[in-house]
Participant: 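Got a structure here, written out as structure tokens. Questions coming.
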Amino acid sequence: MIDPDELTDKLVTTLPDVLPTLRWFGGKDRPITAVRPLRTTPLDDDVAHVIVEVDQPGRTEQYQLIISEHSDGYDATADPERNGLLLRKIAAGESVNGIRFAHEQGVELRTSLRGRPIGVEQSNTSLIYGQQYILKVFRKLARGENRDLVMHRALRSVGCEHIALPLGSISTELDGEPVTLAMLQEFLPDAVEGWDMAKTSVRDLMAEADLHASEVGGDFAGEACRLGHAVAKVHADLAQALGTRIADDDAVANAVAGMQRRLDTVVEAVPELTRYEEPLRAAFEEAREHLGRIPIQHIHGDLHLGQVLRTVHGWLLIDFEGEPAAGVAERNALRSPLRDVAGMLRSFDYAARQLLVGQPDDDQLAYRAMEWTKRNRAAFCEGYAEVAADPRDNVQLLRAFELDKAVYEVAYEHANRPEWLTVPLSSIARMTSGGE
Ligand SMILES: Nc1ncnc2c1ncn2[C@@H]1O[C@H](COP(=O)(O)OP(=O)(O)O)[C@@H](O)[C@H]1O
Ligand SMILES: O=P(O)(O)O[C@H]1O[C@H](CO)[C@@H](O[C@H]2O[C@H](CO)[C@@H](O)[C@H](O)[C@H]2O)[C@H](O)[C@H]1O
């Protein structure tokens, strides 16, 4: 039987060295000055749920661990002998010491399954149970109900066909505020990421020097069109479930100020962006007159080809948490759905250009990358226009949102993949010099 006090003592001494070695730990950029276990909850004889507070210079954050002394590296989430207990408790709707395990209304779960970690680079830990369920355990804890869960519930309530169904959750309260610890969803074993499909299509095109994008085997335009249709449907479903309103003066001012503020921060961090600062500011200012009177609503918030899955039944959108760098208020603000469209259009550009990263300049390949991008961006907009207004009808706004996303990407690449910085920078160069 776990002794919570003994475990707590052990964690205080070992975690400062162990945390930086864990893939999901988000604080690898600064030393750890202290680790304080806030709450230790035995879940059964040898598994405990632990919430720790981690002090680092300039920040204090809370993380959750699920620990067993008998599991490799003490991590019970990765232990198939022990991680089944999370699913069983969700199915039973148990509550343990303020931790609520709950299934969604009307959902019946199979309880005999063991979990296996999904094995991708993640800041969370996702476990797949059998071929049926996926449990995303949020490692860094945030106050308030998790946005991914809230959006999934809303979309489910209106019968949205383009999401993986939410099945359950684990939650608690910290200092009187709700905190989502994990979300259980339907797992689609046949799902392929849009990003992988798009990359394959681009590679096929590059391999056939004398064929056009429309002629090669891996043409993606049909899928891009269906994806546009699916994204527009999800927007319509979010509007139906959570409402929509017309942007007033405050919403317009906030939107422009948000884009200018982001530019301030990124220009300071990434000097390569400075030469485009003036035309970027002008594009954001120009957006002001097009932002008034447009409908705003809840949107996905971080839409790109890595957030969409192709299944035998069509396209699904996943991960409605919003941009990792954005604050809670920004993620939950009502915004134009054109922002998601812009995110996806940027992603087509990324898919085409990633093959050119680190390669010597080759005009022919660059031309063909552009051909792929144009074809698939157009197809996506056509699919979107089957359900809602054609995004290309609002070209200035779309351009401003694309540029704003590209500025975000400059910061993201600078921090995470410096060799990819040229991808958003070259798009900004092209778009601010009059190119498409
Ligand atoms: N319901 C699902 N069915 C099948 N695969 C999924 C499902 N949800 C997520 N995945 C896979 O897991 C990966 C990570 O999921 P995601 O929600 O984006 O987590 P994170 O935000 O931590 O990156 C996805 O890119 C996808 O390949
Ligand atoms: O971790 P998330 O999926 O929430 O998103 C972050 O990481 C993405 C990279 O994985 C980043 O997306 C950028 O690169 C993608 C290709 O790897 C490309 O498809 C996207 O268009 C591009 O924005 C995303 O911006 C970031 O929030």
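Hydrogens, waters and symmetry mates play no part in the numbers below; they use all other heavy atoms, side chains included. Atoms within each ligand, like the ligands themselves, are counted from 1 in listed order. Residue numbers start at 1 and run along the sequence shown.
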Participant: Can you find an N/O atom of E193 closer than 3.5 Å to an N/O atom of ligand 1?
Facilitator: yes

Participant: If you take the centroid of each ring, where Trp contributes its six-membered ring, are Y129 and F187 closer together than 6.0 Å?
Facilitator: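 Here the rings of Y129 and F187 have centres that are no less than 6.0 Å from each other.
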
Participant: Does this structure show an ion pair linking K405 with E402, if we count only N-O contacts that are shorter than 4.0 Å?
Facilitator: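 Salt bridge flag = no for E402 with K405.
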
Participant: Do K405 and ligand 2 have an N or O pair less than 3.5 Å apart?
Facilitator: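 Such a contact does not occur with ligand 2.
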
Participant: N124 heavy atoms, cut-off 4.0 Å: which ligand 1 atoms fall inside?
Facilitator: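 Result: 22 (O).
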
Participant: Side chains of D349 and S427: donor-acceptor distance under 3.5 Å anywhere?
Facilitator: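 Their side chains do contain a donor-acceptor pair, which is all the 3.5 Å distance test asks for.
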
Participant: Please report which non-hydrogen protein atom sits nearest to atom 10 (O) of ligand 2, along with the residue it belongs to and the distance in Å to one decimal place.
Facilitator: Y412 OH, 3.9 Å

Participant: For ligand 1, which atoms, with element, lie under 4.0 Å from some heavy atom of Q307?
Facilitator: 18 (O)

Participant: Students often mix this up, so state it plainly: with edges at 30° and 60°, are the rings of W372 and F348 parallel, tilted or perpendicular?
Facilitator: tilted

Participant: Determine whether N146 and T180 satisfy the following criterion, side chain to side chain donor-acceptor pair (under 3.5 Å), listing intermediate values before the conclusion.
Facilitator: CA-CA 5 Å; N146 176 269; T180 307; 5.5 Å; no

Participant: Give me the residue, atom name and distance of the protein heavy atom closest to atom 2 (P) of ligand 2.
Facilitator: D302 OD2, 3.7 Å

Participant: Please could you name the atoms of ligand 2 that E409 approaches to less than 4.0 Å, counting only its heavy atoms?
Facilitator: 21 (O), 22 (C), 23 (O)

Participant: So which heavy atom in the protein is nearest atom 21 (O) of ligand 2, and how far is it from that ligand atom?
Facilitator: S347 OG, 2.9 Å

Participant: Which protein non-hydrogen atom lies closest to atom 1 (O) of ligand 2, naming both residue and atom, and how far is it?
Facilitator: P324 CG, 4.4 Å

Participant: Do you know which two heavy atoms are closest between L109 and H103, and how far apart they sit?
Facilitator: CD1-CB, 4.2 Å

Participant: Does ligand 1 have a heavy atom under 4.0 Å from the side chain of L309, from its backbone, from both, or from neither?
Facilitator: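 Contact part for L309 vs ligand 1: side chain (C-beta onward).
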
Participant: May I ask you to check whether E321 has an N/O atom sitting below 3.5 Å from an N/O atom of ligand 1?
Facilitator: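 No; every N/O pair is 3.5 Å or more apart.
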
Participant: Answer yes if the side chains of T125 and R139 hold a donor-acceptor pair under 3.5 Å, and no otherwise.
Facilitator: yes

Participant: To check you understand the geometry: which heavy-atom pair defines the closest contact between D340 and I299, and what is its length?
Facilitator: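 In this case the closest contact between D340 and I299 is OD2-CB, 3.3 Å.
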
Participant: What heavy-atom pair brings P424 and A406 nearest, and what distance separates the two atoms?
Facilitator: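 Nearest heavy atoms, P424 then A406: CB-O, 3.6 Å.
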
Participant: Below 3.5 angstrom, do we get any N/O pair linking I134 and ligand 1?
Facilitator: no

Participant: Applying side-chain hydrogen bond (donor to acceptor under 3.5 Å, both in side chains), name anything that partners R331, two or more places apart in sequence or on another chain.
Facilitator: none

Participant: Backbone or side chain, does any N or O of S126 fall under 3.5 Å from an N or O of ligand 1?
Facilitator: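 Between S126 and ligand 1, no N or O pair is found under 3.5 Å apart.
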
Participant: As an exercise, identify every atom of ligand 1 less than 4.0 angstrom from a heavy atom of I118.
Facilitator: 11 (C), 12 (O)

Participant: For the aromatic rings, using the six-membered ring if either is Trp, is the centroid distance between H298 and F320 under 6.0 Å?
Facilitator: no

Participant: Just jot down the ligand 1 atoms closer than 4.0 angstrom to any heavy atom of I318, in number order.
Facilitator: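 Listed by number with element: 9 (C), 18 (O), 24 (C).
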
Participant: Using a strict 4.0 Å cut-off to heavy atoms of A164, name the atoms of ligand 1 that fall inside it.
Facilitator: 1 (N)

Participant: Which one holds for E323 and ligand 2: side chain close, backbone close, both close, or neither close, with close meaning a heavy atom under 4.0 Å?
Facilitator: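 It is neither; nothing of E323 touches ligand 2.
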
Participant: Kindly give the heavy-atom pair with the smallest separation between S336 and I294, and that separation in Å.
Facilitator: CB-CD1, 3.7 Å

Participant: For atom 26 (C) of ligand 2, which of Y408, W420, F348 has the closest heavy atom?
Facilitator: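 Of the listed residues, Y408 has the closest heavy atom.
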
Participant: Considering only the protein, which heavy-atom contact is closest to atom 3 (O) of ligand 2, and what is its distance?
Facilitator: H304 NE2, 3.1 Å

Participant: Among all protein heavy atoms, pick out the one at the shortest distance from atom 17 (O) of ligand 2; state its residue, atom name and that distance to 0.1 Å.
Facilitator: R417 NH1, 3.0 Å

Participant: Scan side-chain atoms only and decide if T60 and D55 contain a donor-acceptor pair under the 3.5 Å cut-off.
Facilitator: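 Short answer, yes.
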
Participant: Could you name the option among E186, Q132, Q131, M183 that has the heavy atom nearest to atom 1 (N) of ligand 1?
Facilitator: E186

